[in-house]
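Before any comments, here is the structure.
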Amino acid sequence: HPLLAKSYGNLAHIFYELKDYYSSIELNKQALLICEDDWSEQGRYLIGIAECYKAIGHYANSIEYYIQAIKLRNKSFLTDDDYIEVLNGLSSCLRKLGDSQSAITLYISALDLTKNNYGNISDNYLSILNNLALCYSDLGDYESSLDLLLTSLDTYNNIPTSNNKKLSTI
């Protein structure tokens with residue numbers, strides 16, 4: 001029943017916030033089993049599982065669930081916001097596993113989608129710029145890294161003061 005899946009998903013979210021990632025994974029998996037025919041809800045639980053695996057450092061497992069979520073995107077069952085979250089999470093895992101080149105490709109996709117949807121004055125946009133800079137730094141491309149970091153700082157510093165208060169600390 002869909003309400004049971006939502007209850008499991010909500011419990012999974014609470015356990016994630018409590019940093020009990022293993023319990024969160026199990027609850028998200030239960031929710032996923034219940035809503036096997038509801039593609040739009042599946043993305044939520046797949047992302048939840050992937051985020052938990054990422055939080056405990058099981059990056060290969062995390063990547064597996066992010067890829068399943070991307071397959072939902074290809075079927076138009078994942079929102080742009082969820083897709084940006086998936087691209088960021090997947091990129092982060094790839095970077096942690098030493099594949100900064102692949103992470104760059106995904107971060108650029110996330111950056112483009114974020115800019116198209118929200119412009120360049122958003123937490124996500126500035127955060128992705130910084131993460132992209134770290135990837136270039138990993139590859140020894142310090143010039144590109146520096147350019148991105150300076151762009152991020154310049155963008156942040158040129159946001160009107162009233163908007164600065166709305167942005168999280170980067």
Side-chain angles (χ1 to χ4, degrees), residues 9 12-29 31-32 41-75 77-153 155-156 166-170:
H13 175 74
I14 297 298
F15 278 106
Y16 180 87
E17 293 299 322
L18 293 170
K19 299 187 183 343
D20 184 350
Y21 303 117
Y22 292 101
S23 294
S24 183
I25 289 168
E26 290 311 311
L27 289 163
N28 273 310
K29 285 182 178 181
L32 195 57
E41 283 296 310
Q42 283 188 11
R44 174 182 174 203
Y45 307 123
L46 290 168
I47 292 169
I49 295 166
E51 290 292 314
C52 287
Y53 278 126
K54 184 175 78 170
I56 57 178
H58 293 190
Y59 303 115
N61 293 41
S62 183
I63 288 169
E64 175 187 333
Y65 284 92
Y66 282 130
I67 289 172
Q68 287 182 47
I70 286 174
K71 289 177 183 174
L72 290 179
R73 167 66 178 198
N74 294 337
K75 297 177 182 179
F77 290 111
L78 206 60
T79 67
D80 282 352
D81 287 342
D82 288 339
Y83 189 55
I84 290 167
E85 183 179 354
V86 167
L87 290 174
N88 281 327
L90 183 54
S91 299
S92 173
C93 290
L94 288 168
R95 181 173 177 257
K96 293 280 188 184
L97 292 173
D99 190 358
S100 292
Q101 189 61 55
S102 294
I104 286 171
T105 302
L106 294 174
Y107 275 134
I108 289 171
S109 295
L111 190 69
D112 290 343
L113 189 55
T114 301
K115 186 174 184 176
N116 289 340
N117 288 347
Y118 306 103
N120 63 349
I121 301 176
S122 72
D123 281 352
N124 271 347
Y125 186 83
L126 296 173
S127 179
I128 296 167
L129 280 178
N130 283 287
N131 291 331
L132 194 51
L134 292 174
C135 289
Y136 281 112
S137 178
D138 291 344
L139 297 175
D141 186 351
Y142 302 112
E143 187 174 319
S144 294
S145 180
L146 183 60
D147 286 345
L148 289 165
L149 291 171
L150 292 174
T151 298
S152 176
L153 284 172
T155 301
Y156 184 79
K166 294 179 184 174
L167 290 175
S168 302
T169 303
I170 297 175

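Quick caveat: nothing in here was measured; it's all calculated off a predicted structure.
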Give the ring-plane orientation class for Tyr22 versus His58, where under 30° counts as parallel, over 60° as perpendicular and anything between as tilted. perpendicular

Working to the nearest 0.5 Å, report the span between CD1 of Ile47 and CG of Asn28. 10.5 Å

Stepwise side-chain contact (heavy atoms from CB on, under 4.5 Å) test for Tyr136 and Gln101: CA-CA 8 Å; Tyr136 281 112; Gln101 189 61 55; over 6 Å; no

Should we say atom CD of Glu143 is surrounded by more than 12 heavy atoms from elsewhere, each under 6.0 Å from it? no

Minimum heavy-atom separation for Gly89 and Glu51, please, with both atom names. CA-OE2, 4.4 Å

With sequence neighbours left out, the residues meeting side chain to side chain donor-acceptor pair (under 3.5 Å) with Ser137 are none

Using modelled atom types and a 3.5 Å cut-off, is there a donor and acceptor pairing between side-chain atoms of Thr114 and backbone atoms of Ala110? yes

Side chains of Ser152 and Asn130 only: does a donor on one sit below 3.5 Å from an acceptor on the other? yes

Report the distance from atom CD1 of Ile104 to atom CG of Leu94, rounding to the nearest 0.5 Å. 11.0 Å

Tyr16: which residues meet the ring pair (Phe, Tyr, Trp, His ring centres under 6.0 Å) condition with it, sequence neighbours left out? Tyr21

Derivation of the side-chain contact (heavy atoms from CB on, under 4.5 Å) call for Tyr65 and Tyr53: CA-CA 9 Å; Tyr65 284 92; Tyr53 278 126; 3.7 Å; yes

Rounding to 0.5 Å, atoms CD (Glu17) and CD1 (Ile14) come to a distance of 7.0 Å

Separation of Leu148 CG from Leu126 CG (nearest 0.5 Å): 11.5 Å

The residue among Asp123, Ile128, Leu129 that forms side-chain contact (heavy atoms from CB on, under 4.5 Å) with Tyr125 is Leu129

Any idea which heavy atoms bring Val86 and Tyr66 closest together, and the distance? CG1-O, 3.6 Å

Lys29 atom NZ, over 12 foreign heavy atoms within 6.0 Å: yes

Leu111 and Leu132: which non-hydrogen atoms are nearest, and at how many Å? CD2-CD2, 4.1 Å

Starting at CG of Leu32, measure out to CD of Gln68 and round the result to the nearest 0.5 Å. 7.5 Å

Nearest 0.5 angstrom please: Ile70 CD1 to Leu90 CG, how far? 5.0 Å

Within the structure provided, determine whether Asp80 and Asn116 are in side-chain contact (heavy-atom separation under 4.5 Å). no

With a 4.5 Å heavy-atom cut-off, do Ser92 and Lys54 have their side chains touching? yes

Tyr107: what forms a ring pair (Phe, Tyr, Trp, His ring centres under 6.0 Å) with it, not counting sequence neighbours? none

Using the test ring pair (Phe, Tyr, Trp, His ring centres under 6.0 Å), find all partners of Phe15 that sit at least two apart in sequence or belong to another chain. none

Mind checking whether Ile63 and Leu97 have side chains closer than 4.5 Å, heavy atoms only? yes

Hits for side chain to side chain donor-acceptor pair (under 3.5 Å) against Asn120, two or more places apart or cross-chain, chain-then-number order -> none

Tell me, with the steps shown, if Asn61 and Ile56 meet side-chain contact (heavy atoms from CB on, under 4.5 Å). CA-CA 10 Å; Asn61 293 41; Ile56 57 178; over 6 Å; no

Check Cys135 against Arg95 and note the closest heavy-atom contact, atom names and distance. SG-CD, 3.6 Å

With sequence neighbours excluded, tell me which residues meet side chain to side chain donor-acceptor pair (under 3.5 Å) with Ser23. Asp20

Would you say the side-chain atoms of Ser91 pair up with the backbone N or O of Leu87, donor to acceptor, closer than 3.5 Å? yes

Show the nearest heavy-atom pair for residues Ser145 and Ala133, with the distance to one decimal. OG-O, 2.8 Å

For Ser62 and Cys93, the nearest pair of non-hydrogen atoms, with its separation, is OG-SG, 3.3 Å

